[in-house]
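Here's the structure we're looking at; comments come further down.
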Amino acid sequence: FTSNNKIVFVVAQANLEVSKSVSRTQVTTGETVMYTLEYRNTGGTDATNVVLSDVLDSGLEFVSASDNGSYDGPSGTVSWSDNEVPSGQTGAVTLVTKVGVGPDNSTIPNTATIFAAGTGLISSEEVNLLVSNKAALEVILTSDTGPVEPGGVIQYTTTVTNTTAVIAENVVVTTNI
């Protein structure tokens, strides 16, 4: 007996994806930034033993992680373990870091990865921060008096605020009135 029929087995598999965004991409030393890691399972089956992780660059300090994210200081890794991500499910977690001291105009990369047992697939996405180590000063000139008669005195107050965590050195403020 001869047959041309073939048996095809289709194995459904979980397909995990991660995307990453950051609260701002241009930062100064000492600022905090929040990363949002969105994950999803676009595959045909549930993903089990899922681990979402983010290894912090040496230019970032860990501050906090949502949803029971845990931080391992020696490796610089923040991890979230979710036993299962059902097919079609999406989710998101956040990670807050502080920008450390680094060279001016340097780039700090940051990559998130997601993995599940049995899939053999790892999804990752990287975002970069541009670090500026220049102080930004805000100068405000105010007067506490109302209308002044000719020959009267007006007292001015000059307020200088450093809006960054970078130390401003040798600052000279001159006001022309």
Side-chain angles (χ1 to χ4, degrees), residues 16-40 50-82 90-115 122-177:
L16 294 172
E17 297 173 354
V18 64
S19 60
K20 186 172 190 172
S21 61
V22 64
S23 56
R24 62 182 162 272
T25 57
Q26 295 185 355
V27 296
T28 59
T29 297
E31 286 187 316
T32 57
V33 292
M34 181 169 59
Y35 293 96
T36 301
L37 289 66
E38 296 179 7
Y39 59 89
R40 62 199 147 278
V50 177
V51 177
L52 177 62
S53 63
D54 194 310
V55 178
L56 299 183
D57 183 87
S58 62
L60 296 173
E61 299 172 25
F62 174 77
V63 174
S64 65
S66 70
D67 300 284
N68 298 315
S70 62
Y71 177 65
D72 177 59
S75 69
T77 303
V78 182
S79 298
W80 295 264
S81 296
D82 192 349
T90 63
V93 295
T94 58
L95 165 63
V96 178
T97 64
K98 183 176 179 181
V99 179
V101 177
D104 192 34
N105 292 322
S106 60
T107 299
I108 298 176
N110 186 260
T111 303
T113 59
I114 193 166
F115 175 80
I122 297 176
S123 175
S124 65
E125 183 167 15
E126 179 178 286
V127 295
N128 293 305
L129 298 178
L130 178 61
V131 180
S132 171
N133 285 328
K134 295 180 179 146
L137 302 178
E138 179 180 275
V139 179
I140 299 173
L141 180 66
T142 58
S143 168
D144 61 354
T145 58
V148 178
E149 297 293 325
V153 176
I154 301 174
Q155 181 173 341
Y156 290 98
T157 302
T158 303
T159 305
V160 179
T161 305
N162 184 349
T163 60
T164 68
V166 178
I167 295 172
E169 297 178 344
N170 303 317
V171 175
V172 176
V173 177
T174 305
T175 304
N176 295 322
I177 299 178

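Every value quoted in this text rests on a predicted model; they were computed, and no experiment measured them.
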Which donor-acceptor pairs under 3.5 Å do side chains of residues 146-161 form with protein atoms, sequence neighbours excluded?
none

Can you tell me how far apart [atom1] ([X]) and [atom2] ([Y]) are? Round to the nearest 0.5 Å.
X    : Y    : atom1 : atom2 : value
S19  : E125 : OG    : CD    : 5.5 Å
I108 : L60  : CD1   : CG    : 4.5 Å
Y35  : S23  : OH    : OG    : 8.0 Å

Mind checking what makes side-chain contact (heavy atoms from CB on, under 4.5 Å) contact with [X], not counting sequence neighbours?
X    : answer
T107 : N128, L130
S53  : T77, S79, T113
T32  : V96, K98

Restricting to side chain to side chain donor-acceptor pair (under 3.5 Å), what partner residues turn up for [X], sequence neighbours left out?
X    : answer
S124 : none
Q26  : none
E17  : R40

Verdict with reasoning, L95 to F62, per side chain to side chain contact (heavy atoms under 4.5 Å, CB included): CA-CA 8 Å; L95 165 63; F62 174 77; 3.8 Å; yes

Quick one: does R24's side chain get under 4.5 Å of V33's, heavy atoms only? yes

Is there side-chain contact between W80 and L37, with at least one heavy-atom pair below 4.5 Å? yes

Tell me the closest heavy-atom pair linking T36 and A92, and the distance in Å. CG2-CB, 4.5 Å

Residue pairs passing the salt bridge (Lys or Arg N to Asp or Glu O under 4.0 Å) test where at least one lies in residues 51-60, sequence neighbours excluded: K20-D54

Quick one: salt bridge (Lys or Arg N to Asp or Glu O under 4.0 Å) pairs with a partner in residues 153-176, sequence neighbours left out? none

Write out all pairs satisfying side chain to side chain donor-acceptor pair (under 3.5 Å) with one or both partners inside residues 59-74, taking only residues at least two apart or from two chains. S66-T94, D72-S75

Test applied, side-chain contact (heavy atoms from CB on, under 4.5 Å); reference residue, Y39; option that passes from L52, V50, L16: L52

Please lay out, stage by stage, how V99 and T28 fare under the test side chain to side chain contact (heavy atoms under 4.5 Å, CB included). CA-CA 7 Å; V99 179; T28 59; over 6 Å; no

